[in-house]
Amino acid sequence: LFRSQGDTGPPGPPGPLGNRAYASFASTTTQSLTGVGNPAAVALTVADPWNSGAALNAGQNAVCVTSAGVYNYQFSLQLTKSGGGADYIDIWPKTGPDGAEQNVPLSNTQLRFGASGDRIAAAWNFFFGLAAGDCMQLWAYSSDGTGQILAIGTQTTPDRPAVPPAIVTIRQVG
């Protein structure tokens with residue numbers, strides 16, 4: 001038997017993850033955490049071209065979203081120190097309207113370095129409920145002013161890609 005087929009209907013609504021924001025950002029140069037008592041926003045300088053629903057405000061080192069929702073914010077930092085003696089590096093997020101971000105309560109982590117040249121990769125994630133236009137920043141502080149967020153260039157023998165000092169990704173999950 002042969003059946004006839006009618007016209008194609010309109011497309012259906014997007015699936016459960018259809019229009020949710022996603023984005024990835026990185027930096028390419030070492031950032032020194034120079035001043036005791038002087039925390040700094042982690043520098044982000046590169047945005048992936050396929051990002052959707054989020055943008056980088058490079059002047060504020062902030063990732064800003066265009067729609068309200070719950071976001072999974074993930075990061076990794078390659079950390080080191082350049083001076084002698086023990087050092088603590090604190091890392092924490094801030095969220096809120098662009099240019100008015102506030103510390104997120106109960107979010108700081110301290111990492112300890114024992115010697116100059118030690119390296120630690122810090123990587124974890126947070127969930128944030130954000131309004132349209134809100135931004136997220138990652139902040140860092142070095143207790144003795146010798147901490148660094150370290151970039152390592154392309155390496156050879158054997159060939160290895162560069163190590164970015166910071167990577168941030170976001171995904172709207174709700």
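If you read the sequence from its start, that first residue is 1, and numbering goes on from there.
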**Student:** Side chains of Val104 and Pro93, heavy atoms from C-beta outward: is any pair under 4.5 Å?
**Tutor:** yes
**Student:** For a side chain to side chain contact (heavy atoms under 4.5 Å, CB included) check, start with the C-alpha distance between Leu79 and Phe113, then their side-chain angles and the critical distance, and finish with the verdict.
**Tutor:** CA-CA 9 Å; Leu79 302 169; Phe113 288 84; 3.5 Å; yes
**Student:** Taking it one step at a time, do Ser142 and Asp87 satisfy side chain to side chain donor-acceptor pair (under 3.5 Å)?
**Tutor:** CA-CA 7 Å; Ser142 170; Asp87 185 15; 2.9 Å; yes
**Student:** Measure the shortest side-chain to side-chain distance between Leu150 and Val163 over non-hydrogen atoms and say whether it is less than 4.5 angstrom.
**Tutor:** no
**Student:** Verify, without hydrogens or angle tests, whether Asn61 (side chain) and Leu44 (backbone) share a donor-acceptor contact under 3.5 angstrom.
**Tutor:** yes
**Student:** Is there a donor-acceptor pair closer than 3.5 Å between any side-chain N or O of Asn57 and the backbone N or O of Gly59?
**Tutor:** yes
**Student:** Apply side chain to side chain donor-acceptor pair (under 3.5 Å) to Asp90 and Gln110, showing your working.
**Tutor:** CA-CA 4 Å; Asp90 292 66; Gln110 281 189 342; 3.3 Å; yes
**Student:** Show your reasoning for whether side chain to side chain contact (heavy atoms under 4.5 Å, CB included) applies to Gln74 and Trp124.
**Tutor:** CA-CA 6 Å; Gln74 300 177 337; Trp124 51 90; over 6 Å; no
**Student:** Provide the closest heavy-atom pair for Ala62 versus Glu101 in the form atom of the first, atom of the second, distance.
**Tutor:** CB-OE2, 3.9 Å
**Student:** Please report the closest heavy-atom contact between Phe127 and Asn72, naming both atoms and the distance.
**Tutor:** CE2-CB, 3.7 Å
**Student:** Please report the interatomic distance CD(Gln148) to CD(Gln31), rounded to the nearest 0.5 Å.
**Tutor:** 10.0 Å
**Student:** For Thr156, is there any backbone N or O sitting under 3.5 Å from a side-chain donor or acceptor partner on Asp159?
**Tutor:** no
**Student:** Answer yes or no: are there more than 12 heavy-atom neighbours, outside Arg119 itself, under 6.0 Å from its atom CZ?
**Tutor:** no
**Student:** May I ask you to decide if Asp118's main-chain N or O and Thr80's side chain share a donor-acceptor pair within less than 3.5 Å?
**Tutor:** yes
**Student:** Same cluster for Ile120 and Tyr141 if Ile/Leu/Val/Met/Phe/Trp/Tyr side chains link at under 4.5 Å?
**Tutor:** no
**Student:** I'd like to know if the side chain of Gln137 reaches the main chain of Gln60, judged simply by a donor and an acceptor atom lying under 3.5 Å from each other, with no hydrogens or angles considered.
**Tutor:** yes
**Student:** Work out which heavy atom in Ser116 is nearest to a heavy atom in Ser82; give both atom names and the distance.
**Tutor:** OG-O, 3.1 Å
**Student:** Testing the basics here: between Ile149 and Ala140, what is the closest heavy-atom pair and its distance to 0.1 Å?
**Tutor:** CD1-CB, 4.4 Å
**Student:** About how many Å separate CG of Leu130 and SG of Cys135, when rounded to the nearest 0.5 Å?
**Tutor:** 8.5 Å
**Student:** Roughly how far, to the nearest 0.5 Å, is the CG atom of Asn51 from the OG atom of Ser24?
**Tutor:** 6.5 Å
**Student:** Does Arg171 reach the main-chain N or O of Thr169 with its side chain, forming a donor-acceptor pair under 3.5 Å?
**Tutor:** no
**Student:** Check the pair Val63, Phe25 against side chain to side chain contact (heavy atoms under 4.5 Å, CB included), reporting the backbone distance first and the verdict last.
**Tutor:** CA-CA 8 Å; Val63 175; Phe25 306 93; 3.5 Å; yes
**Student:** Under a single-linkage definition using a 4.5 Å side-chain heavy-atom cutoff for Ile, Leu, Val, Met, Phe, Trp and Tyr, are Val168 and Leu111 assigned to the same hydrophobic cluster?
**Tutor:** yes
**Student:** Given side chains that start at C-beta, do those of Trp139 and Ile91 come closer than 4.5 Å, heavy atoms only?
**Tutor:** no
**Student:** Can you confirm whether Leu138 sits close enough to Leu77 that some side-chain heavy atom of one is under 4.5 Å from a side-chain heavy atom of the other?
**Tutor:** yes
**Student:** Check for a donor-acceptor pair, side chain of Ser107 on one end and backbone N or O of Trp92 on the other, with a separation under 3.5 Å.
**Tutor:** no
**Student:** Would you check, one step at a time, whether the test side chain to side chain contact (heavy atoms under 4.5 Å, CB included) holds for Met136 with Val65?
**Tutor:** CA-CA 9 Å; Met136 298 163 281; Val65 298; 3.9 Å; yes
**Student:** Is it true that Gln172 and Arg20 share a donor-acceptor pair across their side chains at a distance under 3.5 Å?
**Tutor:** no
**Student:** Roughly how far, to the nearest 0.5 Å, is OH of Tyr22 from OG of Ser52?
**Tutor:** 4.5 Å
**Student:** In terms of hydrophobic clusters joined by side-chain contacts under 4.5 Å, are Phe128 and Val42 together?
**Tutor:** yes
**Student:** Out of curiosity, does Leu56 fall in the hydrophobic cluster containing Ile170 (side-chain heavy atoms, cut-off under 4.5 Å, transitive links)?
**Tutor:** yes
**Student:** Just verifying a value: how many Å separate Thr146 OG1 and Leu33 CG, rounded to the nearest 0.5 Å?
**Tutor:** 9.0 Å
**Student:** How long is the span from the NZ atom in Lys94 to the CD atom in Gln102, to the nearest 0.5 Å?
**Tutor:** 7.0 Å
**Student:** Got Val46 and Ser27 here, is their nearest side-chain heavy-atom distance under 4.5 Å?
**Tutor:** no
**Student:** For the residue pair Phe75 and Tyr73, does the interplanar ring angle fall in the parallel (under 30°), tilted (30 to 60°) or perpendicular (over 60°) class?
**Tutor:** tilted
**Student:** Determine whether Lys81 and Asp144 make a side-chain contact, defined as any pair of heavy atoms from C-beta on separated by less than 4.5 Å.
**Tutor:** yes
